[in-house]
Every structure is written in C-alpha cells, then in structure tokens.
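Here is the structure we will look at.
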Amino acid sequence: MLELRLVQGSLLKKVLEAIKDLVNDANFDCSATGFSLQAMDSSHVALVALLLRSEGFEHYRCDRNLSMGMNLGNMAKMLKCAGNDDIITLKADDGSDTVTFMFESPTQDKISDFEMKLMDIDSEHLGIPEAEYHAIVRMPSSEFGRICKDLSSIGDTVVISVTKEGVKFSTRGDIGTANIVCRQNNTVDKPEEATIIEMTEPVSLTFALRYMNSFTKATPLSSIVTLSLSSDLPVVVEYKIAEMGYIRFYLAPKIEE
Amino acid sequence: GSKQPTITRFFSKV
C-alpha cells in the first residue's frame, strides 16, 4: 500500500513539466527515504535524478519498496488537471497495475480521482560516484535559463569556462559568435540574485545547448541553479526543491576529436 | 569536430 499526500501539489506538476520532454518513460521508486526517479533520455546522453524526501510529504505511507513505471507524458497530462493550489495524493495498492492521483481543492469543495495505467519498464540504474568538482557556480536560475535560450539562437553548443573572475558562456554559429560573462557577485541584497563561484582550478567544457535548454524547464522549481563542473566529468545542473529534495540533470561534455 | 559521448561512459550500471 502506497499513499503519499503532498500539500504543495504544484511541486509535482512542476517536476513533470521539467522532465517530460527529456524522458518518455521512467520508473518512480518509492521507499522509506522518499519518492525518487533516475532516468536517461532516449539517446543516453543526459540523466535526470529526482528526490522528494518522505519528510516533505504531509502523509507518507510506503509499506514496502515499490517501483512504478509511468509514461511521463501521460502523467503530465493527468497532473495538468490539478489546480496549482490543489493537494495531490498518490495512491497505489500492492500488486496493482494502476496508480491513482487524487486532487483536492484547498477548500475541499472539489475532489478528483485520476487513475493511470502503470507500465513495465526495463531501466538501467546507474551508480553516480561522489566527485570533487573543480568549479561550482551558483546563480539565479532565471539568468541561466535566459543565457541558454539566447545562445541557442546563435549556436548548437555552449562552452562553459570558469575562472576566479567569473563564468563565461560562449557559442559560435553560422551568423557569428557570442560570449556572456557573469562575474562573481555576492553583495546583492537578495541571496537568490547572487552569483557565487567556488573554484579549485579553472575548467572549460563544451555542452549541447539542446539539453541545457531542456534542463532549464526546471526553473520554476527554484530561484537558484547550481552548476558543478570538472574536467572529463558530466556537468551537474541542480535545482533544489524547497524542503523536499532536488532535481539534478547530468550531461556528458562533448569531446574534441 | 566534436563527439557527444553517452552518460554511460562516465557512470556504470549498478
């Protein structure tokens, strides 16, 4: 028996909007720790890891570890039917091939049930090793989203270079080149507007903008994004989900031939 | 030119 009640149902709506275009089908894993997902995109270039900790739910009942295969497009369709202020409850019985999403309006005057078919998904679970990153950039998520969008109108790839002075995003295409430098800036009034760079050594890596743009669909989940970079390692683009967990995107850097 | 490696090149199956 599984029953998860999330008062801030909009979080789950935003999570699905963030990942549904990157991943088609995925297993949601439910355990005492929380509600989680790890999945690769169809070309196995990017990986998404989601964790919503059990403590973040108003009610969290998971009698035994359960893996539920879902089509994320279909799940997003169902969650779109929940209001932004609705409380969302996920329910599944042991051995059942369906999951039920219950939406309650804040005033309890409208209660909806949506039952969705589960699917069997053969998914590979990857071990993500702990890594010491050469550079960690923390910046406003809206700024990062804007940069990825702007650069993708000029080129297909972005070179992210971090030095003590700042982080540089560069691209080149048929019409020309673009460089955007964000300097370290931790003296702003609001912490969510700061750009903070922790660096042990300079790093410069090239990534496909198509994937970066897809990751920025998680922007509504957090005002801050963290980019963790190391030579020859996938970048980690992390959006923290307030008091609940995170959504992390991993993208393999392009390699010069 | 540049090549796009897969994520499985960096992270192994468990």
Side-chain angles (χ1 to χ4, degrees), chain A residues 22-23 27 29 36 38-49 67 122-131 133 155-160 170-173 204-212 214-215 228-237 248-257, chain B:
Chain A
L22 186 68
V23 176
N27 283 317
D29 298 311
S36 65
Q38 191 204 81
M40 284 184 279
D41 75 298
S42 58
S43 55
H44 291 193
V45 168
L47 179 135
V48 55
S67 189
D122 266 337
S123 72
E124 296 162 348
H125 210 81
L126 301 182
I128 302 167
E130 286 286 316
Y133 287 94
D156 296 330
T157 61
V158 58
V159 180
I160 305 180
S170 310
T171 193
R172 62 173 59 242
S204 183
L205 292 164
T206 305
F207 300 100
L209 273 168
R210 187 166 70 86
Y211 287 97
M212 284 292 180
S214 177
F215 303 164
S228 302
L229 300 124
S230 261
S231 307
D232 308 319
L233 270 186
V235 62
V236 190
V237 179
R248 291 177 185 152
F249 299 98
Y250 297 82
L251 177 63
K254 290 200 147 200
I255 295 170
E256 283 302 317
E257 282 185 309
Chain B
S2 58
K3 191 175 74 173
Q4 177 66 69
T6 61
I7 201 90
T8 45
R9 179 182 170 134
F10 301 92
F11 301 152
S12 49
K13 291 175 201 171
V14 291

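Lettering follows sequence order; numbering is per chain, from 1.
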A/Ser43 portion near chain B, given a 4.5 angstrom heavy-atom threshold
backbone
Go through the atoms of A/Glu256 and report whether side chain, backbone, both or neither lie under 4.5 Å from a heavy atom of chain B.
both
Which of the residues A/Ala208, A/Pro234, A/Pro129, A/Ala46 is involved in the greatest number of heavy-atom pairs with chain B at under 4.5 angstrom?
A/Pro234
Are B/Thr8 and A/Met40 close enough that some pair of their side-chain heavy atoms sits under 4.5 Å apart?
yes
In Å and rounded to the nearest 0.5 Å, what is the [atom1] to [atom2] distance from [X] to [Y]?
X	Y	atom1	atom2	result
B/Arg9	A/Asp232	CZ	CG	8.5 Å
A/Asp41	B/Thr6	CG	OG1	10.0 Å
B/Lys3	A/Thr206	NZ	OG1	14.5 Å
A/Leu126	B/Ser12	CG	OG	7.5 Å

Would the A/Tyr250 and B/Phe10 ring centres measure less than 6.0 Å apart?
no
Minimum heavy-atom distance B/Pro5-A/Lys254, with the two atoms named:
CD-CA, 4.2 Å
